[in-house]
Amino acid sequence: MENKPSGPEAPAAPAPAPSDFIRDIVAAHVSEKKYPQIHTRFPPEPNGYLHIGHAKSICLNFGIAREFGGVCNLRMDDTNPTKEDVEYVDSITEDVKWLISGWADDRLGLKPKGMTLEAQQVNGKPDFYLPPKLSTLSPQPSTSLEPFYASDYFSQIYEYAVQLIRKDVAYVDDLSAEDTDTYRGSPDHPGKESPFRTRSIEENLDLFTRMKNGEFPDGARTLRAKLDMASPNIWMRDPILYRIRHSEHHHTGGQWCIYPMYDFAHCLSDYIEGITHSICTLEFEVHRPLYDWILQRLDLPRPLPHQYEFARLSLGYTVMSKRKLMQLVQEGLVSGWDDPRMPTISGLRRRGVTPQALRDFAYNIGITKYNGITDVAVLEYCIREDLNRRGLRRLAVLRPLKVVITNYPAGQVEELEAVNNPEDPNAGKRKLPFSRELFIEHDDFKEVPPPKYFRLRPGGEVRLKYAYIIKCDEVIKDAAGQVVELRCTADLDSKTGGTTAGRKVKGTIHWVSAAHAIEAEVRLYDRLFTVAEPDATGDFKQHLNPHSLEVVAAKCEPSLQDAQPEICYQFERLAYFTLDKNSAPGKLVLNRTITLKDNWAREAQKR
RNA sequence: UGCCCGAUGGUGUAACGGUAGCACAGCAGACUCUGGAUCUGUUUGUCAUGGUUCAAAUCCAUGUCGGGCAGCCA
């Protein structure tokens, strides 16, 4: 018996290099040698788990890094201490590493743990630059490397803010949150300048220092850029750069009580890390002028990063916003962020989806600026294609129906040979015990078969996979009239290699030997929502699929006793499964990743 | 009714002024000791109207429709 693990190194069909409008831009920059090296980054905020939409972004950013000989930094965009947590930085780090493993892990830019930035001179100007360490090229164990954190740059970002004040393009504003809103105006009406806008540089400097020193309560003052309150672009109407927040930060602790806003921190973090291409989603398009404005206002000696935007992923039959996913978790509607029904990376992983399948999916859907909804069938196709290549075939019965082979001697046991994966000869073979009493799938017998049904029926014949052709002689029912047992006779010469092995019968079904079968808790997952666009109308939770999880006690062939985590098993004719983290020796728990394509179900549906 | 962005079969994408192609889905068939896989065939499309051009999905104009932007969130 041979069980070749089907790890992430299983061969994949080579796909042509992807192409899209962002890669076109990068390729042009490479050919004109605009940068010494292409440098992207993946900058999640650690306020939730990564989902398949992030996977799209990860594949883009790391894909560009690997295709153009560059690096992609993993960076925690952690400028809002009230929403963030180390639980999320840990899960994010793990998910990213898992997704890029065997593909772009040699492109992963990290930094030595605890390393701090120091001022240096570049072209005669002071500069802050934090080059990446590649995790797999580093001689140190990877535990000495960690992701980048925007919060590691708070001191530098503060210095840059001071510079803006000195240039008189930033000021401390005393307006309340409500007044700030009112003064901002609306998209079709210009805003109004704050009465504090004309403070002297000295006063601004003094006030900003005192903000940093904790002299003012939350919300009392902000630092604002001095732009144009009449700009048609809301984000150019004196955007807030810093706010006061007296709260503990998961990474910097109690060191700061003022925190930079996204717009201020992000472009500077990109610059500090030497990012060349800062790729984000479409909603940041209107922020780009601000991104450029900030960087251009400072005397920065190195090339400036540029922002490019693409459409985020929307996928049918699920929700993608972190807020909604958080709601599902907190309200106990799923078992956690890694519930196998969740579109999170950890959920998909627990479900049995491989990094390869997710990367194939990202490749297939492409990168554009068009906001569409991707058919979940594309994801399902990518999962099936990948799992078909690597899944170890096993026989298991989800809803058992007892079958007695009346002409097979009681007590006799045969060891039949079965192939582990017809797609992969290297996967080897295993032995399957056969005996007089078996279980077959309840669905594989119909007393009154519908048209075109070619499984077992009274008086009919069917082949037991790897074993004999059997004929149904008798149907035994319980008091309620339910079929509880079948009495069959086998064509004892029809076994593989036997004299009548070549006999054609229309149907082949799976089975397990009753005496040898092992029990498993099998979790059958389905789509989390019943409609393609759960958040199109009303409360998305009203569209939750009540049948998204069904648990059955399955009868499995004995070799499944040795099932390993992170390995894909195909229960023949049924679906792909993987061990759940709740599984333990003696108590198998398996998750259904996805069903096999079922043309019969479709045929039956038509009637 | 301000500004920005977008629009190619049912869905997602390609074509970079020169034959509208690919994938998924669908449909039909072949093959099969998985109604799996594989293979073959096939239905369906350039938002509209003008303009530029020998030639427009592509460039221009106008319109229509869709998305984004008014957090001291990211």
Side-chain angles (χ1 to χ4, degrees), chain A residues 19-21 24 43-45 47 77-80 82-84 173 175-177 180-181 184-191 218-224 231-237 239-245 258-259 261-263 265-266 280-289 309 311 316 322 363-382 384-385 388-389 391 393 395 422-423 452-455 462-467 469 494 496 501-510 532 570-575 595-604:
Chain A
S19 165
D20 53 65
F21 76 99
D24 288 348
E45 183 189 14
N47 67 346
D77 202 2
D78 55 350
T79 56
N80 184 357
T82 61
K83 293 190 172 175
E84 298 153 6
D173 194 356
L175 244 30
S176 68
T180 307
D181 271 357
R184 185 159 32 231
S186 60
D188 47 351
H189 290 287
D218 286 7
R221 290 179 221 268
T222 58
L223 183 74
R224 293 236 248 165
S231 170
N233 182 342
I234 299 269
W235 292 100
M236 299 301 266
R237 321 240 266 227
I240 291 168
L241 267 22
Y242 263 96
R243 77 286 218 190
I244 302 171
R245 276 249 206 297
I258 57 171
Y259 292 92
M261 298 287 291
Y262 164 85
D263 287 295
H266 204 89
C280 61
T281 44
L282 251 26
E283 68 270 26
F284 293 100
E285 223 162 4
V286 286
H287 295 239
R288 187 171 1 114
E309 310 88 11
K322 277 196 217 172
Y363 171 82
N364 271 311
I365 59 176
I367 299 291
T368 63
K369 297 185 78 156
Y370 176 73
N371 269 311
I373 298 175
T374 297
D375 193 337
V376 70
V378 179
L379 206 216
E380 295 172 342
Y381 168 81
C382 293
R384 287 196 181 97
E385 193 185 47
N388 177 50
R389 257 184 265 120
R393 312 295 128 123
L395 298 190
E423 306 289 322
K452 293 190 189 171
Y453 184 87
F454 45 84
R455 281 111 96 148
V462 79
R463 171 172 291 280
L464 297 176
K465 177 91 183 178
Y466 300 120
I469 293 169
S494 64
T496 308
R503 262 181 68 208
K504 296 291 176 199
V505 282
K506 192 65 180 160
T508 299
I509 64 172
H510 58 279
Q570 184 202 93
F571 290 1
E572 292 211 38
R573 303 209 307 131
L574 295 173
T595 61
L596 251 30
K597 214 161 79 182
D598 190 349
N599 286 319
W600 164 245
R602 200 157 29 126
E603 183 70 36

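To find a chain, count down the sequence lines: A is the first, B the second, and so on, and within it residues start at 1. No hydrogens, no waters, no symmetry mates; every other heavy atom, side chains included, goes into these values.
Phosphate proximity of B:C72 to A:Thr180: absent, as no side-chain N or O sits under 4.0 Å from OP1 or OP2. Between A:Thr79 and B:A74 there is a side-chain polar atom (N or O) within less than 4.0 angstrom of OP1 or OP2. Contact between the side-chain N/O atoms of A:Tyr370 and the OP1/OP2 oxygens of B:G6 is not found at any separation under 4.0 Å. Remark: A:Arg224 is not in phosphate contact with B:C72, judged by side-chain N or O atoms under 4.0 Å from OP1 or OP2. A close approach under 4.0 Å does occur between a side-chain nitrogen or oxygen of A:Arg573 and OP1 or OP2 of B:G35. Residue A:Lys504 has a polar side-chain atom (N or O) positioned under 4.0 Å from OP1 or OP2 of B:C33. Note on A:Lys322: every side-chain N or O is 4.0 Å or more away from OP1 and OP2 of B:A74. Remark: A:Arg237 is not in phosphate contact with B:C69, judged by side-chain N or O atoms under 4.0 Å from OP1 or OP2. The side chain of A:Arg184 contributes an N or O atom lying less than 4.0 Å from OP1 or OP2 of B:G71.
Nucleotide B:C24 forms a pair with B:G10, judged by Watson-Crick or G-U wobble geometry with both contacts under 3.5 Å. Judged by Watson-Crick or G-U wobble contacts below 3.5 Å, the nucleotide B:U19 has no partner. Shown here, B:G35 forms no base pair; nothing in the strands shown gives a Watson-Crick or G-U wobble contact with both key distances under 3.5 Å.
Ranking B:G36, B:G35, B:C3 by closeness to the A:Asp598 side chain, first place goes to B:G35. The side chain of A:Thr508 has B:U34 as its nearest neighbour among B:U34, B:C69, B:C73. In this structure, of B:C73, B:G35, B:A70, it is B:G35 that holds the atom nearest to the side chain of A:Phe454.
Each of A:Ser186 and A:Ala467 was assigned the nucleotide of RNA chain B with the nearest heavy atom; the assignment lying further toward the 5' end belongs to A:Ala467. Taking the nucleotide of RNA chain B with the nearest heavy atom to each of A:Ile365 and A:Glu572, the more 5' of the two is matched to A:Ile365.
Rounded to a whole Å, the CD atom of A:Glu285 is 7 Å from the P atom of B:G6. Counting to the nearest Å, the P atom of B:C33 and the OH atom of A:Tyr466 are 12 Å from each other. The separation between A:Asp20 atom CG and B:C22 atom P is 21 Å, rounded to whole Å. Note: CG (A:Asp263) to P (B:C72) measures 11 Å, nearest angstrom.
Not a single donor-acceptor pair, N or O on each side, falls under 3.5 Å between the base of B:C69 and the side chain of A:Asn233. Side-chain N/O atoms of A:Glu423 and base N/O atoms of B:G36 include a donor-acceptor pair closer than 3.5 Å. Between the side chain of A:Arg602 and the base of B:G35, no donor-acceptor pair of N or O atoms lies under 3.5 Å.
As judged by a 4.0 angstrom heavy-atom cut-off over every strand, A:Thr496 is placed among the base-contacting residues.
For B:G71, the glycosidic angle deviates from 0 by 90° or less, giving a syn base.
Across the C1' atoms, B:A70 and B:C4 are found 14 Å apart, a figure rounded to whole Å. A distance of about 16 Å separates the P atoms of B:A37 and B:A23, rounded to the whole Å. Nucleotides B:A14 and B:A20, compared at atom C1', are 9 Å apart to the nearest Å.
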